[in-house]
Protein chains: 2
Amino acid sequence: MNQRPPHKPDYERELRRAGIRITRPRRIILDILTGTEDHPDAMEIFQRANAVDKSISLSTVYRTMKLLEGMGAIHRHAFEGGPARFEQASGDHHDHLIDLDTGDVIEFHSDRIEALQDEIARELGYEIVHHRLELYGRRKRKRRA
Amino acid sequence: MNQRPPHKPDYERELRRAGIRITRPRRIILDILTGTEDHPDAMEIFQRANAVDKSISLSTVYRTMKLLEGMGAIHRHAFEGGPARFEQASGDHHDHLIDLDTGDVIEFHSDRIEALQDEIARELGYEIVHHRLELYGRRKRKRRA
DNA sequence: AATGCAATTGCAAATCGTTTGCAAAAAGAA
DNA sequence: TTCTTTTTGCAAACGATTTGCAATTGCATT
């Protein structure tokens, strides 16, 4: 279990290398993604992008998210009962704890859990391609002194 | 990690006790749920119900699923990229391994993983209300002799 | 068995998040 | 600048699920 290391890779370079055009909407969306620590959904990204350039459409946000997801630059998470939320893929792998009261997302990682998952899959005759581990909880109230 | 024990509780009794009417559609849907080991989605339940009584509507399936979920009689799972799938809640708690090629769902349980989850949440100052652990994988090809 | 009323239904229309067709606009190579 | 291709915005389509409403049903009461 550990904290996320900040990281800001150069996606424009990667996109160019893949023969994908760097457009104004894409640059703006990319800046938003690399500049945030949270897990915004498409609508939030749309609004932040719109604050920079009124003409960017929601479809373009969705299209760009799909593009970046395909490149492995971002991860898409479908947490319970809400729109998909995105985060930059640069950090190392982690799972999520969702605060049921605030919607906050806390990242964590456990090598031991990952190892157990592999073991279980192996025993069942499977190879894990990916997994989803989400804890939904509420903040423990501070124990009175 | 263990197998699921079969179980067939009497939901009609429970429903009556909760002041909820036993209608023909509900009885049929309930029979389908208690009579299957798999994880059908609403459309599948609708079709199976329709085979018994042509007049049952998809809305009623959805309404009944919500009702039963609220009573704790069934669990709803939103696996990746598909409609919600349901299963009767009677067995003991388990997580799911989804076969990416066939869509099959294999149930498993690990006390050690559950314990680790609690530990992680506790260290982060949270109490887990529920969690979601899904492994997505493919069948390992049999190792040649 | 007939009555009455609230709960439940089927249907169609509405909803939400997301995707898509299309003609117009912009990127990047020549 | 011109050309070709990709990308865009818009509106309409989409799939899963929910909802409003009038008609039907369950069932407790006579």
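Proteins come first, then strands; the chains are lettered A, B, ... in the order of their sequence lines, and each starts at number 1.
Here the P atom of nucleotide C/dG28 and the CG atom of A/Leu15 are 11 Å apart, to the nearest Å. The interatomic distance linking B/Lys54 (NZ) with C/dT9 (P) rounds to 18 Å, in whole Å. To the nearest angstrom, C1' of D/dT7 lies 12 Å from CD1 of A/Ile29. Rounded to an integer number of Å, the gap from CD1 of B/Ile20 to C1' of C/dA6 is 14 Å. For the pair B/Asp41 CG and D/dT17 P, the interatomic distance rounds to 8 Å; values are reported in whole Å. To the nearest angstrom, C1' of C/dG17 lies 10 Å from CZ of A/Arg76. Rounded to an integer number of Å, the gap from A/Ile28 CD1 to D/dT7 C1' is 14 Å. In this entry the distance linking CG of A/Leu58 with P of C/dT20 reads 14 Å, nearest Å.
When the side-chain nitrogen and oxygen atoms of A/Arg26 are compared with OP1 and OP2 of D/dT8, one or more of them lie within a distance under 4.0 Å. Contact annotation: A/Thr60 reaches the phosphate of D/dG9 (side-chain N/O to OP1 or OP2, under 4.0 Å). Side-chain N/O atoms of B/Lys66 include one lying less than 4.0 angstrom from OP1 or OP2 on D/dT18. At C/dT18, one or more side-chain N or O atoms of A/Tyr62 fall inside 4.0 Å of OP1 or OP2 (strictly under the cut-off). The side chain of A/Thr23 places an N or O atom within less than 4.0 Å of a non-bridging phosphate oxygen (OP1 or OP2) of D/dT8.
Classified by interplanar angle (parallel below 30°, tilted 30° to 60°, perpendicular above 60°), the ring pair B/Phe79/B/His39 is tilted.
Of the candidates D/dT17, C/dT18, C/dG10, the closest approach to any side-chain atom of B/Ala84 belongs to D/dT17. Of all nucleotides listed (D/dG9, D/dA16, D/dT4), D/dT4 comes nearest to the side chain of A/Arg21. The side chain of B/Arg63 lies closest to D/dT19 when the candidates are D/dT19, C/dA6, D/dA16. Relative to the side chain of A/Ile22, the nucleotides D/dT7, C/dG10, C/dG28 differ in distance, and C/dG28 lies closest.
A/Thr34 contributes a side-chain N or O that, together with a main-chain N or O of A/Asp31, makes up a donor-acceptor pair within less than 3.5 Å. With hydrogens and angles ignored, the 3.5 Å screen pairs no side-chain donor or acceptor of B/Tyr11 with any backbone N or O of B/Leu68. In this structure, A/Arg132 contributes its side chain and B/Arg132 its backbone to no donor-acceptor pair below 3.5 Å.
Map B/Arg85 and A/Val61 each onto its nearest nucleotide of DNA chain D; the residue landing nearer the 5' end is A/Val61. Along DNA chain D, the nucleotide closest to A/Asp53 and the one closest to B/Arg16 are compared, and the more 5′ of them pairs with A/Asp53.
Ring centers of B/His75 and B/His94: at least 6.0 Å apart, outside the cut-off.
Applying the 3.5 Å distance criterion, the base of C/dA26 shares no donor-acceptor pair with the side chain of A/Arg24.
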